[in-house]
Amino acid sequence: MDLTPTPEQELLAESARAWVARACPIERVRDLELGGAHDRRLFEEIAGLGWCGLPIPANAGGEGAGMLEFALVAEALGQGSVPTPLLSSVTLAALPLAWAGGATAPVARALARGQRIGTLALLEPGMRDEWSPATMPGPPLRGTKLLVPWATAADVLIVATTSGLHVLDAVAPGVRVTPHRTLGGDPLAMVEFDGARANALEVDDSDALLRRALDHAAVSHLAYAVGIAAGMLELAVEHARDRHQFGRPIGSFQAVAHRCADMRADVDACRFLAYQAAWALDRRGEDGRVEIAAALAYSKDALRRIARHAHQMHGAVGFSTEHDLHLFSRRAKAFELTWGTASHHRERLATAMGLRSGP
Amino acid sequence: MDFAFSAEEEAFRADLRAFLDEELPEWWRGMFVDDERAIPLTREICRKLAERGWLTMAWPPEHGGSGASPWMQTIVREEMWAREEPRGPQYMNLNYIGPLIMRFGTADQQARFLPPMARGEVIWCQGFSEPDAGSDLAALRTAADDRGDHFVVNGQKIWTSYADAPADWCLLLVRTDPGAPKHDGISVLMVDMASSGIRVRPIGTMAGPHEFNEVFLDDVVVPRANLLGEQNRGWEVIVTGLTFERVGIARYARAGALLERLVEHANATGLAADPRVRQQLADLRARYEAARVLAYRAVSQQAAGEVPTVEASIARMHATLLEQDVGHVGLELLGPVGLLRADDTRAALRGEVPRQWVRNVPTTVAAGTLEVQKDIVAQRGLGLPRPR
């Protein structure tokens, strides 16, 4: 047991923070949000840093580090609210393709090098969440997938069907991508299929592979959300120090200071729960369900509290789009709603901790 | 970062559990019970732990320890707290009074005070709070008049746990310079509780005896040799001590142990199928994980030689609120039968749940209120201005 980052982990996190400050400061984030959020050159820079292959095994073309290392990078990106398809491409496309191996291995390799961007088309109209079983039949693909992250930027689509997972080119005939209008977070799109051909992922248990990918997606987005939360805390503390009312900084009022303290206590909890969950994915596999579900259940609620405190402390200016806060708090809400809500993960945790749902 | 205990550490945990299974009688319910057997049992447990080298294992060898890692010490804390702290009052010696003497005491003081602690033979209490100095601890007024080779102490302390155990020694905060700014005139004295002029008055509590006492000091003579640290620099000693104490209690471990009982109870009664119960217990488990990793973060810092003041306060905020809520949710699960105490024949789960609730009523008050912890985080952790 030792929760101190290794010097290598320290260096990785530091270099990620430095890259964010240089390549994607908050003004750039603001521009990207206005222009549809995707900038291929920004992604190429990320690819050049090796982050697309960070948690991908070396024999599948990756760096062979782990989810803990990937989480440190995701956290730094979140702290800058950087819009990037990195997380979804790695956890929803590169990793499952690398695990599957076989005929799709070259695609996994290209994704791990960041030469291509991938995503997963999962949700269908009427589905409650990402864990609902697909109803779209296998290829040729016909039907509609909703809320597909970064589909507008993706080169490669993985599609969940009743006969398992299938891979195809995002620009293949019979595929139509229409951006959704969203409240915030990653760009999402509707993907309509009209007789598109796709290759099956040849795995024994594609449900298990999909669940594993969902856990990796959920934990990497959690790490990103830790950065978002830390970003909101930073803004709130700055405001509490600078903003004067009644002739003194508002941070000298306990009612305000204690909101900041509560935020910090939640940010720290989310951060170390995220690290523990990422570690559990690397080291414990199926046995890490408690750590993963606990981290997600706690943090989904915590992000809501943190965003609420941040907005309350900022007063009217926090609601204005001239301030940066909304760049963070919209993403916080998106984190809450995607890859399982707090209730969803509490139910998973209830099962993992041994509560029996039947006689 | 590594989130697993080593095989050696896990083996030690198993040994410790076996020892406690063997040594703790069925009637053991912790310290604050109306049972004369409780304090003598804690003395016996400490003596036996000392024989095995487990009492002060994390202390350095020169002070009677074996220099075990802070993680071994963490395992001791967790297992003890999960079993109602069978070391009784002596946990304070190990967690912070002893370490403060190592850090601030003279060689003579170390030679005199540490070996009896290491043998598990001595009970200390802490004389901090006063009737008019609670959260504003630095406002304390108990005065120590400097008479050269000794001090003469007059004043009153309150909420002093274990003073009636009876305690042998008291770590007493006194004012030695009434003219200085309030943080700069405080000193720490180690006071023999058998000194003449000391009177202890127990105060009844919702939880039971020994928890609270008033201590009156009337012309108590304390030799200068019992001054810990520099005169008038006692505040630094105390801030360090409180950090040790906040890290030193594995409060989440008792919450976790009771949570396991509640899961068993929910399975046995069929309540586990109720989605609302599942959500409530899972929420507590998630918060238990949070409190645990934050405690481990503070221990990691200690292992690296740092004093994690802010981080200890954050860990304590999580652990104390968790402890309270495990009691509240547990009682809600039991319903009206939750009102039956341990000594009622029809009590559920040996009365553990109502005991958890009542003991934790003051948990967010002791060792610095929740509000004081938040002040520490806001001011020292986030650099926010002090209130004017």
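By convention in this document, chain letters (A, B, ...) are assigned in the order of the sequence lines, proteins followed by strands, and residues within each chain are numbered from 1. Since the model is a prediction, treat every value here as computed from it, not as a measurement.
For Gln276(A), the parts sitting under 4.5 Å from any heavy atom of chain B are the backbone and the side chain alike. Both the backbone and the side chain of Leu382(B) come within less than 4.5 Å of a heavy atom of chain A. With a 4.5 angstrom heavy-atom cutoff, Thr351(A) touches chain B via backbone and side-chain atoms both. Proximity to chain B (any heavy atom under 4.5 Å) is shown, for Glu347(A), by both the backbone and the side chain. For Tyr275(A), the parts lying under 4.5 angstrom from a heavy atom of chain B are both the backbone and the side chain. When heavy atoms are compared at a cutoff of 4.5 Å, Leu273(A) approaches chain B by way of both its backbone and its side chain. Both the backbone and the side chain of Glu371(B) come within less than 4.5 Å of a heavy atom of chain A. Heavy-atom distances place no part of Val256(A) under 4.5 Å from chain B, backbone and side chain included. Both the backbone and the side chain of Ala4(B) come within less than 4.5 Å of a heavy atom in chain A. With a 4.5 Å cut-off on non-hydrogen atoms, Arg386(B) touches chain A through its backbone but not through its side chain. At a 4.5 Å heavy-atom cutoff, Val299(B) makes no contact with chain A through either its backbone or its side chain. Looking at Ile250(A), neither its backbone nor its side chain comes within 4.5 Å of chain B, counting heavy atoms on both sides.
Between the side chain of Lys300(A) and the main chain of Ser343(A), no donor-acceptor pair closer than 3.5 Å is present.
Residue with the most contacts toward chain A among Ala273(B), Pro385(B), Ala378(B): Pro385(B) (heavy-atom pairs, distance under 4.5 Å). Between chain A and the residues Val263(B), Val377(B), Asp2(B), the largest count of heavy-atom pairs under 4.5 Å involves Asp2(B). Ranked by non-hydrogen atom pairs under 4.5 Å with chain A, the options Val310(B), Asp274(B), Asp283(B) are led by Asp283(B). Across Leu281(B), Leu370(B), Asp375(B), Leu259(B), the residue that shares the most heavy-atom pairs under 4.5 angstrom with chain A is Asp375(B). Counting heavy-atom pairs closer than 4.5 Å to chain A, the top residue among Asn267(B), Val277(B), Ile314(B) is Asn267(B).
Under a 4.0 Å N-O distance rule, the pair Asp215(A)/Arg348(A) qualifies as a salt bridge.
For the pair Met317(B)/Asp262(A), a side-chain contact is recorded, criterion being any heavy-atom separation below 4.5 Å from C-beta on.
A donor-acceptor pair shorter than 3.5 Å cannot be found between the side chains of Gln356(B) and Gln324(B). For the 3.5 Å distance criterion, the side chains of His311(A) and Ser329(A) qualify, holding a donor opposite an acceptor.
Annotation: cation-pi pair Arg305(A)/Tyr298(A) present, NZ/CZ under 6.0 Å from the ring centroid and within 45° of its normal. Judged by the 6.0 Å distance and 45° axis criteria, Arg13(B) is positioned over the aromatic ring of Phe5(B).
Ring planes of Tyr252(B) and Tyr288(B): tilted class, angle from 30 to 60°.
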